[in-house]
Colleague: 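Structure incoming, see below.
Side-chain atoms are counted along with the backbone in the values below, which use heavy atoms only and exclude waters and symmetry mates. Here is how names work: the chains are called A, B, and so on, in the same order as the sequence lines, proteins then strands, and each is numbered from 1.
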Number of protein chains: 2
Amino acid sequence: MKPRDRIPAAERREQILDAAAQVFGELGYGGATTDTIARAAGISQPYVVRLFGSKENLIVEVIERTCDRVMATFREAIALEDDPETLPRRIGGAYIGLVSDRGILLTLMQAFGAGHDPKIGPVARIGLMRIYDQLREEAGFSAEQTREFLAQGMLINTLIGSGLSAQLDTDARVAELFECTFQDKLPLVRAGMSLAAR
Amino acid sequence: MKPRDRIPAAERREQILDAAAQVFGELGYGGATTDTIARAAGISQPYVVRLFGSKENLIVEVIERTCDRVMATFREAIALEDDPETLPRRIGGAYIGLVSDRGILLTLMQAFGAGHDPKIGPVARIGLMRIYDQLREEAGFSAEQTREFLAQGMLINTLIGSGLSAQLDTDARVAELFECTFQDKLPLVRAGMSLAAR
DNA sequence: GGGGCTTGTAATCATACGATTACATCATCC
DNA sequence: GGATGATGTAATCGTATGATTACAAGCCCC
């Protein structure tokens, strides 16, 4: 037995939540195991279960935290912008910036795909509508602007989640789709891609 | 033992593929079990495994068939349309028409979210790009039109997959988002909703 | 310096699930 | 009419996995 450095539980929870976002994003709720998450966080499997009670509780917290982070990112972009004309592009760029943390977008995608689950579904729905509200009210988007924005976000999630970015340099159609979708933010995607290849 | 009516294997495979699309769509790859699929198809679990070799093979076939169906639907819409002006709306309407079979859209979503998987990922990517090609070439969409169309499709998948449609009549914000997204096709969503409530 | 709280692991359990095997039933051909 | 192949199930196996338990080791306060 080699007990790791002892760390306050609150901090350890944060580490686990970070690791879990990655793992849930990659493997989905069913595919991810508490042991995989534990290894990614550098601790033992039972400790993960003890700190969160259950795998289900864990992903609920992961989803809530993910939504919080997305909203915080948007809030920043809204705050430092005063021209309502360019605000959509600014917030969109902020969202694309989140690809650098693969876990965030992929976790969102998995969450929305688990709408059937009695525990996960409600959390995902509340998170999505909280983001919708923020765009409508804080950002001042119209309903149509918000729909357009969310649609673009879901496409981004799909492109990243499907792993197509790996074919960015070998498939011209993929390149076309990505250039059209990410435009000047495309370098961010490439950066996130090489980062994820570890 | 109560052997069901004996049915040719080819036909039984179709039944299983239909059932599997529903179950995989609802529960995801990890959450779905071969037994659940078997029960949905009205047969025993071992027979599912025998007819497809493995759960992994099964979902691969489900994804391929789902993409085929989407493309066939689009092809129909393209064929009976001669005005390139209204073609995007026509194809979009055709896609929304697919919500009546919940399994199709949800399976697509699960497939794209499993891009990491060494077996499922490639199939999902090929399917997505086949659809992209069809829109670009057969439908004659520009890259930008195609991006817009796919984004809208992914939003639709998300809205249906997250289960938000159940709150259509109780949450004004949800109603706003759905009206903006589906417009005159909204009744189709309601119909699909009540259909899924069984 | 020791009692008690916190942080952590090893060992183990119970179960769910995909897969395999062996067997049953029916149709068809000769 | 019985051999053969196709269609199907019951029983079972091996393993992965979430959870539980028991225990170890540091920290802190008095």
Side-chain angles (χ1 to χ4, degrees), chain A residues 1-63 110 114 116-120, chain B residues 1-63 110 114 116-120:
Chain A
M1 178 182 43
K2 35 166 187 178
R4 314 283 172 160
D5 303 323
R6 287 167 66 97
I7 282 179
E11 189 176 339
R12 191 64 91 182
R13 282 176 59 93
E14 295 299 312
Q15 292 180 356
I16 296 173
L17 287 169
D18 283 341
Q22 306 291 325
V23 175
F24 280 132
E26 296 278 337
L27 307 179
Y29 178 68
T33 73
T34 54
D35 188 61
T36 305
I37 295 167
R39 286 175 199 277
I43 57 172
S44 68
Q45 179 264 342
Y47 199 31
V48 171
V49 175
R50 212 173 60 178
L51 285 184
F52 290 89
S54 72
K55 182 183 172 185
E56 201 169 47
N57 287 345
L58 174 55
I59 197 175
V60 164
E61 283 203 39
V62 167
I63 292 171
Q110 300 291 349
H116 69 94
D117 186 281
K119 275 285 193 16
I120 302 174
Chain B
M1 180 178 44
K2 32 166 189 176
R4 313 284 173 160
D5 303 323
R6 287 167 66 100
I7 282 177
E11 189 176 338
R12 192 63 91 182
R13 282 176 59 93
E14 294 301 311
Q15 292 180 355
I16 296 173
L17 286 168
D18 282 341
Q22 305 292 324
V23 175
F24 279 133
E26 294 279 337
L27 306 178
Y29 178 69
T33 73
T34 54
D35 188 60
T36 306
I37 294 166
R39 286 175 198 278
I43 57 171
S44 69
Q45 179 264 342
Y47 199 31
V48 171
V49 174
R50 217 177 52 179
L51 285 185
F52 289 90
S54 72
K55 181 183 171 185
E56 203 169 45
N57 288 346
L58 175 55
I59 196 174
V60 165
E61 282 202 39
V62 168
I63 292 171
Q110 300 292 347
H116 69 94
D117 186 281
K119 275 286 193 13
I120 303 175

Colleague: Taking for each residue the nucleotide of DNA chain D with the nearest heavy atom, is it A/G31 or A/G53 whose nucleotide lies nearer the 5' end?
Modeller: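 Of the two residues, A/G31 wins.
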Colleague: Quick check for you: among C/dA19, C/dC17, C/dT7, whose closest atom lies nearest to any side-chain atom of B/T33?
Modeller: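 Shortest atom-to-atom distance from the side chain points to C/dC17.
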Colleague: Where the side chain of B/Q45 is defined as all heavy atoms beyond and including C-beta, which of D/dT20, C/dG8, C/dG18 is the nearest nucleotide?
Modeller: C/dG18
Colleague: Give the nucleotide from the list D/dT7, D/dA19, C/dG18 with an atom nearest to the side chain of A/K55.
Modeller: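 Nearest listed nucleotide: D/dA19.
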Colleague: Can you figure out which of D/dG8, C/dA10, D/dG18 approaches the side chain of A/P46 most closely?
Modeller: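 So the side chain of A/P46 is nearest to C/dA10.
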Colleague: Return the value, rounded to whole Å, for the distance between atom CG of A/L27 and atom C1' of D/dA16.
Modeller: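 The distance from CG of A/L27 to C1' of D/dA16 comes to 14 Å, rounded to the nearest Å.
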Colleague: Can you check the A/F52 CZ to D/dT20 P distance for me, whole Å?
Modeller: 16 Å
Colleague: Using a cut-off of less than 4.0 Å, is there contact between a side-chain N or O of A/R12 and OP1 or OP2 of C/dG8?
Modeller: yes
Colleague: What closest approach, in Å, do A/E61 and A/L17 show between heavy atoms, and which atom pair accounts for it?
Modeller: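 Result for this residue pair: CB-CD2, 3.9 Å.
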Colleague: Between B/T34 and C/dG18, is there a side-chain N or O to OP1/OP2 distance below 4.0 Å?
Modeller: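 Answer is yes, contact under 4.0 Å.
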Colleague: Whole angstroms only, please: what is the CZ-P distance between B/R13 and D/dG8?
Modeller: 13 Å
Colleague: What are the two closest non-hydrogen atoms of A/K55 and A/Y29, and how far apart are they?
Modeller: NZ-O, 2.8 Å
Colleague: For A/R13 and A/L51, work out which heavy atoms get closest and say how close.
Modeller: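 Smallest interatomic distance, heavy atoms only, reads NH1-O, 2.8 Å.
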Colleague: Less than 4.0 angstrom between a side-chain N/O of B/Y47 and OP1 or OP2 of D/dT9, yes or no?
Modeller: no
Colleague: Any donor-acceptor pair under 3.5 Å joining the side chain of B/R6 to the base of D/dA6?
Modeller: yes
Colleague: For the residue pair A/F24 and A/I63, establish whether any side-chain heavy-atom pair is separated by less than 4.5 Å.
Modeller: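 A side-chain contact is absent here, since even the closest heavy-atom pair is not under 4.5 Å.
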Colleague: May I have the list of side-chain donor-acceptor pairs in residues 35-43 of chain A shorter than 3.5 Å, sequence neighbours left out?
Modeller:
{"residue": "A/D35", "atom": "OD2", "partner": "A/R39", "partner atom": "NE", "Å": "2.8"}
{"residue": "A/D35", "atom": "OD2", "partner": "A/R39", "partner atom": "NH2", "Å": "3.2"}
{"residue": "A/T36", "atom": "OG1", "partner": "A/T33", "partner atom": "OG1", "Å": "2.7"}

Colleague: Give a yes/no on whether any side-chain N or O of A/S44 is located under 4.0 angstrom from OP1 or OP2 of C/dG8.
Modeller: no
Colleague: From CG of A/D35 over to C1' of C/dA11, roughly how many Å is that when rounded to an integer?
Modeller: 14 Å
Colleague: Whole angstroms only, please: what is the CG-P distance between B/L51 and D/dT7?
Modeller: 8 Å
